Amino acid sequence: MQKYKHLFFDLDHTLWDFETNSLHTLLQLFDKYRLSSSFISFDDFYERYQKHNQMLWIHYREGKMTKAQLNFDRFHTPFNQVGISDETIAQNFARDYIAISPTKTALMPHAIEVLEQLKQSYTLHVITNGFKEVQYLKLKNSKLRPYFSKIFISETIGASKPKTAFFEYAVKSANARKKESLVVGDNLETDIDGAINFGLDYIYFNPNKIEHKRQLMNEISDLKEITTCLK
Ligand SMILES: [Mg+2]
């Protein structure tokens with residue numbers, strides 16, 4: 001008898017190659033908005049954006065800001081830092097980013113072949129903290145959607161990972177039992193701590209082999225290693 005029946009996958013940077021897709025979108029928009037006349041380089045813009053965006057996502061997860069505020073401010077602040085204070089530019093840029101990034105389709109290495117194999121024996125679900133309209137488009141455009149039974153998005157549920165309410169809702173709605181469920185995700189705070197706090201088994205996917213001091217149940221750097229953790 002197999003130990004697990006339901007596998008819950010994070011989407012961004014676990015299956016959908018967020019870094020590559022986001023980078024390509026930002027490069028395209030950097031060009032469109034002629035930002036090279038304001039920033040020293042694309043890297044200068046990208047570093048400022050990333051730093052600020054990460055901080056805003058923490059605020060968003062804690063319910064301290066809306067997604068519209070997040071999407072505007074993550075561009076407006078770096079723009080403002082280099083003297084682009086016109087809010088319309090940040091608004092248009094933010095709108096374009098939301099429209100273009102989900103059309104990008106780069107996936108993490110071996111994502112499709114691993115899902116293809118897993119779907120034979122497991123029921124697969126997505127658990128993600130992203131924006132509803134964006135995450136559905138990503139799944140559709142990158143051809144991931146058919147592999148999954150249910151898609152759980154924080155915005156729809158009204159609670160974000162790592163909140164127990166999120167995981168509880170997902171497991172219940174999937175008609176899964178906790179013992180038969182496993183979480184696969186790349187984020188220690190949202191995916192892994194969320195799984196631990198609700199009492200679910202998990203696999204920490206660490207493709208960049210980021211160092212940490214945690215004692216973890218399962219850790220992999222290639223999606224192909226998932227099968228070795230399922231026994
Ligand atoms: Mg992720």
Side-chain angles (χ1 to χ4, degrees), residues 6-26 49-62 67 70-71 74 97-98 101-102 104-112 114-115 118 124-142 144-145 147-148 150-157 159-164 166-167 169-170 181-198 200-212 214 216-226 229:
H6 294 265
L7 308 183
F8 293 84
F9 280 88
D10 167 55
L11 181 60
D12 289 336
H13 200 244
T14 295
L15 298 169
W16 195 78
D17 188 346
F18 188 89
E19 268 170 66
T20 301
N21 292 324
S22 174
L23 179 67
H24 288 168
T25 306
L26 292 171
Y49 161 76
Q50 277 202 307
K51 201 173 152 196
H52 194 61
N53 186 43
Q54 274 166 17
M55 190 193 75
L56 293 179
W57 268 98
I58 295 170
H59 292 323
Y60 176 73
R61 283 204 296 269
E62 290 169 350
K67 69 171 181 174
L70 181 153
N71 193 36
R74 63 182 168 179
Y97 179 81
I98 290 290
S101 74
K104 305 288 179 194
T105 56
L107 298 177
M108 298 302 280
H110 312 123
I112 292 293
V114 168
L115 293 172
L118 291 173
L124 311 178
H125 311 280
V126 167
I127 47 169
T128 174
N129 272 355
F131 301 153
K132 182 174 59 187
E133 62 275 24
V134 176
Q135 300 308 70
Y136 276 117
L137 281 174
K138 286 178 186 172
L139 286 162
K140 183 169 168 267
N141 291 328
S142 60
L144 286 171
R145 183 63 188 91
Y147 293 97
F148 297 97
K150 299 221 162 169
I151 311 295
F152 298 104
I153 302 179
S154 58
E155 202 193 346
T156 319
I157 296 175
S160 301
K161 297 180 287 184
K163 290 215 178 89
T164 298
F166 178 96
F167 289 89
Y169 181 92
S181 303
L182 178 94
V183 169
V184 184
D186 72 293
N187 189 302
L188 283 173
E189 284 75 43
T190 54
D191 302 315
I192 304 310
D193 284 341
I196 292 170
N197 292 339
F198 184 53
L200 299 174
D201 285 359
Y202 60 87
I203 299 173
Y204 173 45
F205 176 46
N206 186 5
N208 300 333
K209 299 186 177 165
I210 299 163
E211 283 190 40
H212 61 83
R214 304 274 302 265
L216 299 172
M217 172 183 275
N218 294 295
E219 176 169 346
I220 60 171
S221 59
D222 187 317
L223 292 172
K224 276 183 174 177
E225 298 166 81
I226 288 177
C229 307

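Every number for a ligand or one of its atoms is a count from 1 in the order of the listing. Predicted, not measured: the structure shown is a model, and the values here were computed from it.
- Taking the Mg ion (ligand 1) as reference, the nearest N/O/S atom within Asp10 carries the name OD2.
- In terms of heavy atoms, Ile192 sits closest to Gly185 at CD1-O, 4.0 Å.
- Not less than 6.0 angstrom separates the ring centroid of Trp16 from the ring centroid of Tyr136.
- For Asp186, the N, O or S atom with the smallest separation from the Mg ion (ligand 1) is OD1.
- Here the N, O or S atom of Asp12 that is nearest to the Mg ion (ligand 1) is O.
- The Mg ion (ligand 1) has no N, O or S atom of Asp191 inside 2.8 Å of it.
- Side chains of Asp186 and Thr14: a donor-acceptor N/O pair is present below 3.5 angstrom, by distance only.
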- Could you walk me through whether Phe9 and Phe148 pass side-chain contact (heavy atoms from CB on, under 4.5 Å), step by step? CA-CA 9 Å; Phe9 280 88; Phe148 297 97; 3.9 Å; yes
